[in-house]
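Reviewing the structure listed below.
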Amino acid sequence: MELLGNIVIVIGLVFMAFGALGLYKFKDFYLRLLVLAKIDTVGAITFMVGIIIRHGFSFFSLKVLLIIVLFLILNPLTAHIIARAAYLSIEGIDEESDDGTGGR
Amino acid sequence: MFAVWILLAFMFLYIIRTVQGPTIWDRLLGMSLISVKVIILIVAYASFSNRGYLLDYALIYALFGFISLIFIAFFILDRTRGNK
């Protein structure tokens, strides 16, 4: 059980390495945004699943599970907010402002 | 225990990328990435040192990081649109 947990943790770290690599390789801002939205989230969740496997059934792994669920909800939202804000401020406001929300 | 050091190295990479990011949005993106990384670091340290109460701090930090990011994004959005 301990070894299995360590293996999953290493896999999570490999995903994060891809994220760090992607951050430097992608030239466009929106591509870099992909790192935050998907690669980093996957790395974090794999890492935490490895920690849960290491700790078995206890309140500790219950809390880590809660953090995983929180990540699943928050990270895509964060990426969407940044993408929308960046798009609005760079490409101009006229597309979004006519549907009544005023771009907000 | 080795994971904590590797995570610190990744965080350092993200900091460098945030500082040199061309636009302000890269910096916002970098800030969000670093806050995610800090949370993972707290969870990793809590699991290796068997301290259960640290996880509550990671939880709170995740929520605060998210909320602060929303308001920063809207603040920058209003500021850039203001002088348009």
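Numbers restart at 1 for each chain; the letters A, B, ... are given by sequence-line order, proteins then strands.
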Among A:Leu74, A:Ile82, A:Leu66, A:Thr41, residue most engaged with chain B (heavy-atom pairs, under 4.5 Å): A:Leu74
Rounded distance (nearest 0.5 Å) linking atom OG of B:Ser47 with atom NE2 of A:His55: 4.5 Å
Enclosure of A:Tyr24 OH (heavy-atom neighbours >12, cutoff 6.0 Å): yes
Interface residue of largest heavy-atom contact number with chain B, from A:Gly12, A:Ala85, A:Ala44, under 4.5 Å: A:Ala85
ILVMFWY cluster, B:Ile40 and A:Leu62 together (side-chain gap under 4.5 Å): no
Part of B:Ala9 lying under 4.5 Å from any heavy atom of chain A: neither
Which residues share a salt bridge (charged side-chain N to carboxylate O under 4.0 Å, His left out) with B:Arg17, sequence neighbours left out: none
Residue selection (most heavy-atom pairs with chain A, distance under 4.5 Å) from B:Ile70, B:Leu28, B:Val43: B:Val43
Toward chain B, the part of A:Phe71 with a non-hydrogen atom under 4.5 Å: side chain
Reported OH-to-CG distance for the pair B:Tyr57 and B:Leu55, which is rounded to 0.5 angstrom: 11.0 Å
Under 4.5 Å from a heavy atom of chain B, the part of A:Phe47 involved: side chain
Which atoms of A:Leu23 approach chain B - backbone, side chain, both or neither, heavy atom under 4.5 Å: both
Contact class of B:Ile72 relative to chain A, heavy atoms under 4.5 angstrom: neither
Shared hydrophobic cluster, A:Phe57 / A:Ile52 (ILVMFWY, side-chain heavy atoms < 4.5 Å): no
Between B:Gly30, B:Ala44, B:Gly65, B:Ala58, the one whose heavy-atom pairs under 4.5 Å with chain A are most numerous: B:Ala44
A:Ala17 versus chain B, the contacting section by heavy-atom distance below 4.5 Å: both
Hydrophobic cluster membership, B:Phe75 vs A:Leu77, 4.5 Å side-chain cutoff: yes
When B:Ala73, B:Gly52, B:Ala62 are compared by non-hydrogen pairs under 4.5 Å with chain A, the top option: B:Gly52
Mutual orientation of the aromatic rings belonging to A:Phe15 and A:Phe18 [parallel < 30°, tilted 30-60°, perpendicular > 60°]: tilted
Proximity breakdown for A:Ile51 and chain B, heavy-atom pairs closer than 4.5 Å: side chain
Close side-chain approach of B:Met31 to B:Leu69, heavy-atom, < 4.5 Å: yes
Chain B contacts, top residue of A:Ile9, A:Val64, A:Leu13, A:Asn6 (heavy-atom pairs, under 4.5 Å): A:Leu13
